[in-house]
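Chain A is the first sequence line, chain B the second, and so forth, proteins listed ahead of strands; every chain is numbered from 1. Keep in mind that this is a model prediction, so the values were computed, not measured.
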Protein chains: 2
Amino acid sequence: MEAAIEILDKNGEDALTFRALAAHLETGSGAIYWHVADKDYLLAAATDHIVARVMADAARGSSPRDVIRAMANGLFDAIDGHPWVGGQLSRNPWQYAVLRLMEGIGSQVQALGVPERAQFNVVTALLSFMLGLAGQYAAGARLFPRDADRAEVRKAHLGAVAAKWMELDPAEHPFVRQVAKVLPEHDDREQFLAGIDLILAGMESIQKLGAP
Amino acid sequence: MEAAIEILDKNGEDALTFRALAAHLETGSGAIYWHVADKDYLLAAATDHIVARVMADAARGSSPRDVIRAMANGLFDAIDGHPWVGGQLSRNPWQYAVLRLMEGIGSQVQALGVPERAQFNVVTALLSFMLGLAGQYAAGARLFPRDADRAEVRKAHLGAVAAKWMELDPAEHPFVRQVAKVLPEHDDREQFLAGIDLILAGMESIQKLGAP
DNA sequence: ACCTGAACACCGTTCAAGT
DNA sequence: ACCTGAACACCGTTCAAGT
């Protein structure tokens with residue numbers, strides 16, 4: 001497990017092959033199949049390993065809102081540090097790591113006093129939003145797998161994307177061109193948390209509506 | 001392009017290979033590379049082909065809210081009919097189909113009078129939520145690629161998942177076990193639209209707060 | 001200009017044979 | 001009980017050679 005995570009962190013998603021892992025462990029590729037069902041299990045276990053720590057750390061917050069925000073923050077850090085986690089999370093919703101996220105978010109949503117029949121929708125909204133952005137950040141990281149100065153490379157990449165967007169037809173793409181202006185400067189983490197707050201605000205406004 | 005979509009629809013994501021496509025077109029696999037850069041382009045073009053129609057159809061709504069909901073509805077139909085679209089959308093955020101979604105949602109959010117500095121966050125929240133659920137539905141469809149009676153298979157699958165969740169430790173997984181009770185009966189489309197409404201409600205409550 | 005199809009450099013997975 | 005590593009059945013992509 002640790003060897004797998006090491007390979008994923010050092011060389012990216014695509015670098016984890018049974019051959020590479022076997023070489024790293026100085027064994028035959030077939031040997032791994034004695035301990036692990038298939039590649040899916042390998043990735044799911046590695047992902048859960050990391051998500052579990054995030055959830056445990058975040059649970060120590062004071063208010064339910066704080067805990068949810070801490071989970072989001074922790075998840076952001078995890079994906080930032082291990083981009084393959086984002087890809088794996090968004091690829092397979094039935095893996096244990098996703099269930100763990102669901103339980104963690106769900107218990108906080110319960111604590112916020114959301115009526116039971118609305119809880120599933122609220123939790124799914126939060127979860128889907130997180131998984132959606134997780135996939136996007138992972139895709140971004142896939143473009144520049146390993147680099148000493150990632151912040152710099154990222155900004156150059158966003159600048160190039162923005163420049164390409166600015167070349168689009170203004171009549172057909174007014175909004176995208178407007179976004180292009182702020183794209184290189186925008187803060188991913190801030191935007192991630194803003195989305196969480198937006199969903200929580202929607203939850204509250206619906207709550208008030210239901211019980212005036 | 002049409003041949004590629006045909007293969008994807010009939011046999012699922014994994015069935016689209018250059019060899020299969022070449023056989024379908026009665027040509028050599030190398031010939032396709034004369035017209036198409038690589039597999040990524042092939043999938044991105046096929047996806048945009050379908051998303052473009054969704055967005056064009058949805059744009060005919062009356063109010064901005066209706067248009068956004070129509071886009072979500074159309075996207076749901078598209079993913080329901082072509083599950084590979086969901087997978088492809090959630091995998092690559094820089095493809096044209098995603099930009100098309102962004103522009104479509106963005107113009108409606110602008111029309112709703114959201115202040116410019118908040119627009120990017122709102123649109124990202126809606127978009128990420130959509131892409132997140134898209135990936136989840138696509139993963140669900142990957143489990144039972146082709147079947148005459150998908151609704152039946154789906155329900156059986158969800159029933160099996162719910163049963164497995166019910167076996168989890170009640171002390172550690174109270175929320176997931178609660179969800180398990182309603183999981184087999186829940187309506188994916190309803191939940192998708194509920195999430196959209198939640199984000200829109202959050203947007204409105206923040207708008208009111210900003211300009212009292 | 002466009003097509004052919006063998007060849008290359010990989011995959012995940014299996015399995016007879018070993019210890 | 002656990003490991004070895006060749007073999008199988010695939011991939012995406014390239015490219016010399018054709019028309």
Side-chain angles (χ1 to χ4, degrees), chain A residues 1-49 83-85 87-92 94-97 138-139 141-146, chain B residues 1-49 83-85 87-92 94-97 138-139 141-146:
Chain A
M1 209 68 262
E2 280 160 29
I5 293 179
E6 214 175 298
I7 293 173
L8 286 163
D9 283 345
K10 207 194 303 183
N11 299 318
E13 257 173 293
D14 294 342
L16 183 68
T17 67
F18 279 84
R19 284 168 180 83
L21 186 56
H24 193 289
L25 294 170
E26 293 179 71
T27 179
S29 63
I32 301 167
Y33 280 91
W34 188 261
H35 305 277
V36 138
D38 54 21
K39 192 170 181 181
D40 231 48
Y41 176 86
L42 200 64
L43 277 165
T47 301
D48 189 52
H49 190 82
W84 52 272
V85 169
Q88 173 62 18
L89 280 175
S90 69
R91 208 164 16 246
N92 181 3
W94 302 113
Q95 66 188 310
Y96 191 73
R142 221 174 293 137
L143 295 176
F144 20 92
R146 192 79 339 220
Chain B
M1 209 67 262
E2 280 160 29
I5 293 180
E6 215 176 298
I7 292 174
L8 286 163
D9 283 345
K10 209 196 300 184
N11 300 317
E13 257 173 294
D14 294 341
L16 183 68
T17 67
F18 279 85
R19 284 167 180 84
L21 186 56
H24 194 289
L25 294 171
E26 293 179 69
T27 179
S29 62
I32 301 166
Y33 281 91
W34 187 262
H35 305 277
V36 139
D38 54 21
K39 191 170 180 182
D40 230 47
Y41 175 87
L42 199 64
L43 277 165
T47 301
D48 189 53
H49 189 83
W84 51 273
V85 170
Q88 174 62 17
L89 280 175
S90 69
R91 209 164 15 246
N92 180 3
W94 302 113
Q95 66 188 310
Y96 191 73
R142 222 174 292 138
L143 295 175
F144 20 90
R146 191 77 342 216

Enquirer: Using the P atom on both, measure C/dA17 against D/dC2 and round to a whole Å.
Expert: 22 Å
Enquirer: Tell me: CD1 of B/I32 to P of D/dC11, nearest whole Å?
Expert: 13 Å
Enquirer: Could you tell me the separation between the CG atom of B/L21 and the C1' atom of C/dC3, rounded to a whole number of Å?
Expert: 14 Å
Enquirer: Give the minimum heavy-atom separation between A/A3 and A/H24, together with the two atoms involved.
Expert: CB-ND1, 3.8 Å
Enquirer: Starting at atom CG of A/L43, determine the distance to atom C1' of C/dG12, rounded to an integer number of angstrom.
Expert: 12 Å
Enquirer: Could you tell me whether B/Y96 atom OH has more than 12 heavy atoms of other residues or ligands within 6.0 Å of it?
Expert: yes
Enquirer: Just by modelled atom types, is the B/L16 backbone N or O under 3.5 Å from a matching donor or acceptor in the B/K39 side chain?
Expert: yes
Enquirer: For B/A139 versus A/R91, what's the shortest heavy-atom pair and its separation?
Expert: CB-O, 3.5 Å
Enquirer: Please state how far atom CG in B/L25 lies from atom P in C/dC3, giving the value in whole angstrom units.
Expert: 10 Å
Enquirer: Heavy-atom distance under 4.5 Å between the side chains of B/T47 and B/N92, does that happen here?
Expert: no
Enquirer: How would DNA chain D look in dot-bracket form, 5' to 3', counting Watson-Crick and G-U wobble pairs with both distances under 3.5 Å and writing | for bases paired to another strand?
Expert: ||.|||||...|||||.||
Enquirer: Just N and O in the side chain of A/H35: are any of them under 4.0 Å from OP1 or OP2 of D/dC3?
Expert: yes
Enquirer: Any chance you could list the contact pattern along nucleotides 14-19 of chain C? Use B for base contacts, S for sugar-phosphate-only contacts and - for none, protein heavy atoms under 4.0 Å, 5' to 3'.
Expert: BB----
Enquirer: Is the backbone N or O of B/D14 less than 3.5 Å from a side-chain atom of B/N11, with the two atoms forming a donor-acceptor pair by type?
Expert: no
Enquirer: Taking all heavy atoms of B/L8 and all of B/A46, pick out the closest pair and write down the distance.
Expert: CD1-CB, 4.4 Å
Enquirer: For A/E13 and C/dG12, give me the distance from atom CD to atom P, rounded to whole Å.
Expert: 13 Å
Enquirer: Would a distance-only check, ignoring hydrogens and angles, find a side-chain to backbone donor-acceptor pair under 3.5 Å from B/Q95 to B/Q88?
Expert: yes
Enquirer: Between atom CZ in B/R19 and atom P in C/dA6, what is the gap in whole Å?
Expert: 11 Å
Enquirer: Out of D/dT13, C/dT13, C/dT4, which nucleotide sits closest to the side chain of B/F18?
Expert: D/dT13
Enquirer: Counting any heavy atom closer than 4.0 Å, what does A/L16 reach on the DNA or RNA strands: base, sugar-phosphate only, or nothing?
Expert: sugar-phosphate
Enquirer: Measuring to OP1 and OP2 of C/dC2, would you say a side-chain N or O of B/W34 lies under 4.0 angstrom away?
Expert: yes
Enquirer: To the closest 0.5 Å, what do you measure between CE (B/M1) and CG (B/D48)?
Expert: 9.5 Å
